[in-house]
Every structure is written in structure tokens, then in C-alpha cells.
Amino acid sequence: MHNSAAEALKQPAPEDTVTASFGRFISGVRPQHLSSIVLQRSKRMVLDNIGVGLLGSTTDVFELVLQHCQHIYGPDDISSVYGRRGTKLSPTLAAFVNGVAAHSMDFDDTWHPATHPSGAVLPALLALSDTMPSNSKPSGLDFLLAFNVGIEIQGRLMRFSNEAHNIPKRFHPPTVVGTMGSAAACARLLNLDRSQCSHALAIAASLSGAPMANAATQSKPLHIGNASRLGLEAALLASRGLEASSLVLDAVAGVAGFNAFYEDYMPRPLNLPKDNGHSFLLEEQDMGFKRFPAHLGMHWVADAAASVRTLLVGVDSGTISPAQVQDILLRVPHSKYINRPFPESEHQARHSFQFNACSALLDGEVTVQSFSHAALRRPDLLTLLSRVRVEHPHDNPANFDRMYGEVQVTLVGGDVLKGRCDTFYGHWRNPLTNESLRKKFRYNAGAVLPPEKVEGLIEAVEELDRLEDCTPLLSQLQ
């Protein structure tokens, strides 16, 4: 038999491919497949991401991209912009700027394998819902179903690779799996058929990717904005009939599809949900929510450093003087882009083990205000930074599910104080309580919204799966 004919016989039938199975899942999943656990956890994600997006709408990078969209593109008053009353953009541009807002302070949720799942999906769904007539808005349950589809697709794709389990080195994962998740969520909300859903994913794959070199810069928030925007674009193009590879998620020798991003990619079909046969990943593993706006890895060293401070000054409001400190040793995973001895900007500080450890030593905690220009330039902080050393123990991998943070402070008199954090408060193994999550939301949303809208959003999200349409959510974002 000719080689080409033999190869053709090895190819699965179109309906049996991994790509086709994902399309069937997206189009076939129904609200009854969402358990009470998944519904509750996803509502917490929605609330948190709206809150960090609203606070993010106060940042310089958000203002910059909003002005760009308003000045470069023609007016198209359809979809709401976080925190800006009366300001609307086209759906794709609203998804973009709101996605930027969600990640502008690195305050959004993080999952394992490592990605920021909500910010890539939620802004696109909000913008898309805004386009629908007032008498045919999606129900709250349909909105949550689409949101969970977007989260599920991201998690499934990342679990096909061992590389994806570690803190990234080459590209920022939300720019890849986030774009795919946005496309899947929007395809679900648009009620696309299974073929169109598969094409939406394949189109999204051609719109994916951004290098890690832009971490800790003003351009990193663009990663989430573009994932949200371009996933929405992919679903809209698929709805108009644009086609793409029917094997983009399959491992085809010699022709890279999704394995262009993960070389150890080993895909498996995603089964069509049954009444009791499909378990969403969110049911198996909760989400990580941040208590302060910085890279997730910073939360381990901040908690470890805060415990050292308590040993030194007690639980009272005592102060630490750099004159007391001879040496600070951090034992953290090896990850180059979050090892920044002397950060020069707020974005670098959010990605600096050293900065966050020293801030927690001085103040007992890290907060939104810790990254202000004045806080970055404090003489006491700069002195402590000059005394920091870093070690990378072999038993401390760059993996959000297995890493730890250890801080050892040697005092001038020779005493040595140690603090260690294995699981910080907010990690999926130790999740924020509903009270803590709402406290975070009230602080964040209260930066731009009046109290009645803040409380209205809390109520709308809590009741989302029982709302006949999602207007109460959409109407309170500005």
C-alpha cells in the first residue's frame, strides 16, 4: 500500500477526533450538568473578577488602552466599560479593555495548572450579552454555563501537558488557553453547533500567544485583554461560517496544532456530558484568590515574612528598623521573571519575591497601597532589599501546587528567625471564606461604584443562577 494511503487509514474519522469531541462538549453541555459546588465556586469567580476589574479601571494602563480604543476606532456604543458611566465600546473592544482592567494589577484569580482563567472569559461574555436584545438576554444560568465551559476548556487543555503544570518560562498561558476558553464560552452563549464550536477553537488557536518577556511590564495586562477579545472574535467568525483546521487539538505528526505551544502535549477526547457522567474540573479543584495584587508566588513569601515579623515585634503594632537586620534569606522556587532584587516600577514589584518579602517584614502585610510610587521608594524598604539573598532548594519546585516560601532573618545580634508558608490563605487548598471574598470585592468595587451598586452586584451574582436574564448584573457595572 502506498505510504500516503496508509497514513490516511491511520487518521481518525472527523467525528472521532479530539477537536470534534471538544466541539460536541461545548455545544452539548447543559445547565443540569453544573453541580451545586461548581455553581457556587464559579459565582465566587465572577464576583472576584468583576471586583478586580472595577479596581483595575483606575489604573494608568487601563486609561491608556481605553483612550487608544476611543481615539483610533469609530464610536460603537454597545458594550459597557468597567467603572465608566456612559462609556461604551464595540463588543470586542469592551472585552479587550475590561480584560486589561482585570489583569492590570495582577489581582485576578489563578488556577493550577498555572493560568488566570476568569479574566479571559468573563469580559467577553459580558460584552457579548450586552449585544443581545433586552427581551432575549441570556438567563443567569445560561451565562454561568457559558462561563464554566470557558473555564473547563482551559483546564482540560492544560492538563494535557506536564510543562503546563509549572510556572511558565516561554509564553504566558492565558494568551493561549485563555483565548481558547473565551472562544468556547462565547460559542456556548451563541448556541453554535458542534462544528462551529470546533472551528471557533481552531480560529482562536491562530490568535493565541504572547512571550513571558512582557511579564512585569504595562503590556502584561494586554495578554488577558487580547485573550478575551480574540476569543470573542473567533466565536463570532465561526458563527459567520469561517472554517479552520478540524485537527487543531489533535496530535498530528509533522503538522503542529495546539502542540505548537506545549511540546509534551498529549490530548484526549472530552466526553459529551451525561446526566451523571461528567465532572467539571472546578468541582475537583477550587480556585486561588489573591489577597493583594501581585503574582501568586508572592503570597507564599509575604505570609512567611509576616510570620517572622510577628516573632520579632509581636502581634502589636511594633516596627522593624533596618538597623536590626543583618541578613534576609529567601528560599523560593527558581523562576527568573519573579526574581527581581530591586524593582523599579509597580509592575516589577508585583513580580518580585524580594520586594514582597521586605514589604511584609516592614508592614506585616502586603496591600494595594504597597505598590504605590511612594511605597516603592521608602528608604527602609530599599535598605532591607539590599540585604536580601535568594536560594532555590531542590525540593521547592516552580509549581503552584507544590512550592513553599521560606524567609530567614538574621539579626545584628546573631539571632535567627524563620518563617515558612506551605499554603497561603486564598490558595485552592485554603480558600478565602465568602466573608473574606466579599470584603475584597467591596474594597475593590467601592473604588469606582457607589455602595448601592456594590451591594447590588453582590446580590446579582449570588442570585445569578436563579435570574431569568442577566440584566441585573449587566446594569450595575458602571
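Values in this document were obtained by computation on a predicted structure and should not be read as measured data. The chain is numbered in sequence order, starting from 1.
Residue Glu284 places its CD atom among more than 12 non-hydrogen atoms of other residues, nucleotides or ligands, all under 6.0 Å distant. A 6.0 Å sphere centred on CD of Glu435 holds no more than 12 heavy atoms belonging to other residues, nucleotides or ligands.
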- Decide side chain to side chain contact (heavy atoms under 4.5 Å, CB included) for Tyr73 and His68; before the verdict, give the C-alpha distance in whole Å, the side-chain angles of both, and the deciding distance to 0.1 Å. CA-CA 8 Å; Tyr73 298 95; His68 168 76; 4.1 Å; yes
- Output, in order, the C-alpha distance, side-chain angles, deciding distance and verdict of side chain to side chain contact (heavy atoms under 4.5 Å, CB included) for Ile224 and Val100. CA-CA 6 Å; Ile224 303 295; Val100 168; over 6 Å; no
- Chi angles and distances behind the side chain to side chain donor-acceptor pair (under 3.5 Å) call for Asn430, Thr423: CA-CA 7 Å; Asn430 186 21; Thr423 304; over 6 Å; no
- Item | Stepwise ring pair (Phe, Tyr, Trp, His ring centres under 6.0 Å) test for Phe371 and Phe355 | CA-CA 10 Å; Phe371 302 94; Phe355 175 87; 5.5 Å; yes
- Message: side chain to side chain donor-acceptor pair (under 3.5 Å), that's the test. Do Thr433 and Ser436 meet it? Break it down for me.
- Response: CA-CA 5 Å; Thr433 64; Ser436 292; 3.2 Å; yes
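Taking the centre and axis of the six-membered ring of Trp111, the NZ or CZ atom of Arg156 falls outside the cone set by 45° and 6.0 Å. Relative to the ring axis of Tyr425, Arg291 does not place its NZ or CZ within 45° and under 6.0 Å from the centre. Cation-pi geometry between Lys290 and Phe424 is not met: the NZ or CZ atom fails to fall both under 6.0 Å from the ring centre and inside 45° of the normal.
In this structure, Asn356 CG and Asp303 CG are separated by 11.0 Å, a value rounded to the nearest 0.5 Å. Rounded to the nearest 0.5 angstrom, Arg340 CZ and Arg350 CZ are separated by 13.0 Å.
For the pairing with Asp106, the side chain to side chain donor-acceptor pair (under 3.5 Å) check across His347, His295, His351 returns one residue only, His351.
The stretch residues 172-192 participates, sequence neighbours left out, in these ring pair (Phe, Tyr, Trp, His ring centres under 6.0 Å) pairs: His103-His172, His116-His172, His172-His223. Pairs engaging residues 443-478 under the ring pair (Phe, Tyr, Trp, His ring centres under 6.0 Å) rule: none recorded [sequence neighbours left out].
For the pair Leu157/Phe261, no side-chain contact is recorded, criterion being any heavy-atom separation below 4.5 Å from C-beta on. Proximity of Arg188 to Val29: side-chain heavy atoms (C-beta onward) are separated by under 4.5 Å at one or more points. Taking the side chain as every heavy atom from C-beta outward, Phe25 and Asn271 never approach each other to under 4.5 Å.
Aromatic rings of Phe160 and Tyr262 (six-membered ring for Trp) have centroids beyond the 6.0 Å cut-off, not under it.
In this structure, Ser228 contributes its side chain and Gly225 its backbone to no donor-acceptor pair below 3.5 Å.
Of all heavy-atom pairs between Ser246 and Thr17, the closest is O-OG1, 3.8 Å.
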